[in-house]
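Scope of the values below: all heavy atoms of this structure, side chains included, with no hydrogens, waters or symmetry mates.
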Amino acid sequence: MKLIVGLGNPGAKYAGNRHNIGFMALDRIAQDHGFAGWKTKHNGLTVEGRFGADRVVLLKPETFMNNSGQSVQSAMRFHKLEPADVIVLHDEIDLAPGKVKCKTGGGHAGHNGLRSIHAHIGPDYDRVRLGVGHPGHKDAVPGYVLRDFAKADQDWLDDVLRGISDGAAELARGDTAKFMNAVALRVAPPRSGTGTKKPAVAQANPQASAAEPPQPAAQPEPAAKSDERNPMQKLLDRFK
């Protein structure tokens with residue numbers, strides 16, 4: 001079994017926030033794969049399902065971001081899981097919008113949700129870092145992640161969420177390469193083949209192609225015959 005956790009804050013007020021992209025990803029997975037019946041358990045919302053023979057639990061902690069670890073720890077204990085069985089999807093300001101990267105272990109980089117999970121279960125769990133971009137100054141980060149995605153973000157956001165859902169089975173099986181490939185096919189689909197360009201064909205001169213057939217060479221005029229008549233014959237010939 002895998003416990004797939006999406007981070008965010010509960011309530012309609014936060015639903016469209018950048019900080020809630022983890023919730024959005026789990027909602028898309030549940031919708032696309034027919035995982036129905038979210039239940040309130042472990043200080044969060046959970047739903048169970050399968051990818052073939054692989055059983056998974058999706059968890060959206062409702063403790064607010066800063067206390068996400070409480071919910072994750074409770075679900076782990078109930079299902080008798082280890083940190084290696086946990087995958088956390090979260091917003092990442094150090095990645096450009098639309099970028100997705102996977103990571104195992106390491107620090108929390110100041111992310112309050114990860115900080116709480118570290119405190120409750122340690123750092124040795126898998127993460128899917130979902131890039132949302134950086135506001136440019138660290139003092140602006142709290143307000144930035146707690147604002148809704150802009151309209152201009154909707155296309156790439158939808159592509160990322162669909163890609164995560166497409167690759168969810170591979171993610172649960174631990175095949176990170178296939179998971180990332182599924183995301184890439186949505187975010188940067190291959191262009192349709194353009195074929196091999198044919199060499200340019202020189203255009204014939206239309207005048208040349210419609211050229212008139214060659215004219216026969218002009219024949220020289222026959223040379224004038226010399227007049228050998230005497231004057232009397234010439235005179236007689238005029239009056240004939």
Side-chain angles (χ1 to χ4, degrees), residues 1-11 13-15 17-30 35 38-49 54-95 99-134 138 141-142 144-146 160-161 164-165 167-168 170-174 176 179-180 183:
M1 173 186 281
K2 288 288 186 180
L3 176 64
I4 303 179
V5 181
L7 296 188
N9 288 308
K13 175 182 177 181
Y14 303 101
N17 287 182
R18 294 179 176 90
H19 226 15
N20 273 44
I21 193 171
F23 276 16
M24 297 175 193
L26 260 58
D27 286 339
R28 179 55 63 91
I29 293 171
F35 294 2
W38 289 93
K39 297 178 180 179
T40 301
K41 293 174 70 174
H42 312 302
N43 295 316
L45 293 175
T46 70
V47 65
E48 293 189 27
D54 300 314
R55 184 181 169 205
V56 297
V57 175
L58 307 184
L59 170 65
K60 297 190 292 183
E62 292 209 304
T63 53
F64 285 92
M65 186 69 77
N66 293 5
N67 293 312
S68 298
Q70 297 175 9
S71 178
V72 175
Q73 184 182 58
S74 174
M76 282 179 59
R77 285 177 175 172
F78 180 83
H79 293 289
K80 298 179 174 60
L81 301 176
E82 299 296 325
D85 301 317
V86 177
I87 305 167
V88 177
L89 287 75
H90 64 91
D91 59 304
E92 178 59 79
I93 60 171
D94 291 330
L95 291 179
K99 290 287 186 182
V100 176
K101 289 192 176 184
C102 296
K103 179 180 181 180
T104 300
H108 53 67
H111 190 290
N112 288 332
L114 299 182
R115 189 197 306 273
S116 176
I117 295 172
H118 272 50
H120 284 82
I121 72 169
D124 300 322
Y125 55 91
D126 293 332
R127 308 169 210 178
V128 179
R129 305 164 64 208
L130 308 175
V132 298
H134 199 288
K138 66 178 183 179
V141 168
Y144 176 76
V145 297
L146 292 175
V160 166
L161 297 179
I164 291 168
S165 178
E170 283 73 26
L171 181 66
R173 283 194 287 269
T176 303
F179 168 72
M180 291 297 293
V183 174

Asker: Can you list the residues that meet the salt bridge (Lys or Arg N to Asp or Glu O under 4.0 Å) rule with R55, with sequence neighbours excluded?
Answerer: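 Checked R55 against salt bridge (Lys or Arg N to Asp or Glu O under 4.0 Å); matches are E48.
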Asker: Quick one: pull up CG in L146 and CZ in R18 and give me the separation to the nearest 0.5 Å.
Answerer: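 If I round to the nearest 0.5 Å, the distance is 10.0 Å.
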Asker: Give me the atom names and distance for the closest heavy-atom approach of W38 to L45.
Answerer: CZ3-O, 3.5 Å
Asker: Identify the heavy atoms of P142 and K138 that sit nearest to each other, and give their distance.
Answerer: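 Taking every non-hydrogen atom into account, CD-O, 3.8 Å.
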Asker: Using the salt bridge (charged side-chain N to carboxylate O under 4.0 Å, His left out) rule, collect all pairs that involve residues 56-78, keeping only residues at least two apart or in two chains.
Answerer: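 Applying salt bridge (charged side-chain N to carboxylate O under 4.0 Å, His left out) to every pair that reaches into residues 56-78, excluding sequence neighbours, yields D27-K60.
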Asker: Please identify which of these residues, L26, N20, I117, meets the side-chain contact (heavy atoms from CB on, under 4.5 Å) condition with L7.
Answerer: I117
Asker: Please assess I4 against V128 for the test side chain to side chain contact (heavy atoms under 4.5 Å, CB included), listing each intermediate value before the final yes or no.
Answerer: CA-CA 10 Å; I4 303 179; V128 179; over 6 Å; no
Asker: Please say which of L89, L3, I29 ends up in a side-chain contact (heavy atoms from CB on, under 4.5 Å) with L58.
Answerer: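 Filter result, single survivor: I29.
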Asker: Carefully, step by step, assess V72 and V88 under the rule side chain to side chain contact (heavy atoms under 4.5 Å, CB included).
Answerer: CA-CA 10 Å; V72 175; V88 177; 5.5 Å; no
Asker: Only counting residues at least two apart or in another chain, list the ones meeting ring-ring contact (aromatic ring centres under 6.0 Å, His included) with Y125.
Answerer: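 Residues passing ring-ring contact (aromatic ring centres under 6.0 Å, His included) with Y125: H118.
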Asker: Write down the atom of L171, the atom of I87, and the distance for their closest heavy-atom approach.
Answerer: O-CD1, 3.6 Å
Asker: For a side-chain hydrogen bond (donor to acceptor under 3.5 Å, both in side chains) with T104, tell me which candidate from T176, D126, D124 qualifies.
Answerer: D126
Asker: Counting only N and O atoms by type, is there a donor-acceptor contact under 3.5 Å from the side chain of N66 to the main-chain atoms of N112?
Answerer: no
Asker: For side chain to side chain contact (heavy atoms under 4.5 Å, CB included), just list the numbers for V86 and M76, CA-CA rounded to whole Å, side-chain angles, deciding distance to a tenth of an Å, and then say yes or no.
Answerer: CA-CA 8 Å; V86 177; M76 282 179 59; 3.6 Å; yes
Asker: Give me the atom names and distance for the closest heavy-atom approach of M24 to A15.
Answerer: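 That would be CE-O, 3.2 Å.
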Asker: Identify, with sequence neighbours excluded, every residue that meets side-chain hydrogen bond (donor to acceptor under 3.5 Å, both in side chains) alongside N67.
Answerer: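 Scan of N67 (side-chain hydrogen bond (donor to acceptor under 3.5 Å, both in side chains), adjacent residues dropped) gives none.
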Asker: Compare all side-chain heavy atoms of V145 with those of N17 and state whether any distance is below 4.5 angstrom.
Answerer: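 Sidechains of N17 and V145: no contact.
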Asker: For the backbone of L114 and the side chain of R127, can you confirm whether one donor and one acceptor N or O come within less than 3.5 Å of each other?
Answerer: no
Asker: Going by the rule side-chain hydrogen bond (donor to acceptor under 3.5 Å, both in side chains), which residues pair with E82 if we only count those two or more places apart in sequence or in a different chain?
Answerer: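 E82 satisfies side-chain hydrogen bond (donor to acceptor under 3.5 Å, both in side chains) with no residue once adjacent residues are dropped.
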Asker: Report the residues that fulfil side-chain hydrogen bond (donor to acceptor under 3.5 Å, both in side chains) with S74, sequence neighbours left out, ordered by chain and then residue number.
Answerer: H42
Asker: Mind checking ring-ring contact (aromatic ring centres under 6.0 Å, His included) for Y144 and listing every partner two or more places apart, or none if nothing turns up?
Answerer: none
Asker: Looking at every heavy atom in both L59 and K41, which two are closest together, and how far apart are they?
Answerer: CD1-O, 4.5 Å
Asker: Counting C-beta onward and ignoring hydrogens, is there a side-chain heavy-atom pair between V57 and L81 closer than 4.5 Å?
Answerer: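 In short, these two side chains do not touch, never coming nearer than 4.5 Å.
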Asker: If you look at every heavy atom in G69 and S116, which pair is closest and at what distance?
Answerer: N-OG, 2.8 Å
Asker: For residues 83-94, which residue pairs qualify under side chain to side chain donor-acceptor pair (under 3.5 Å), counting only residues two or more places apart or in two chains?
Answerer: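 As it turns out, the side chain to side chain donor-acceptor pair (under 3.5 Å) pairs with a partner in residues 83-94, which skip direct neighbours, are H19-D91, D91-H111, E92-R129.
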Asker: Do NZ/NE/NH1/NH2 and the carboxylate oxygens of R173 and D54 come within less than 4.0 Å?
Answerer: yes
Asker: Considering residues at least two apart in sequence or located in another chain, which fulfil the side-chain hydrogen bond (donor to acceptor under 3.5 Å, both in side chains) criterion with N43?
Answerer: none
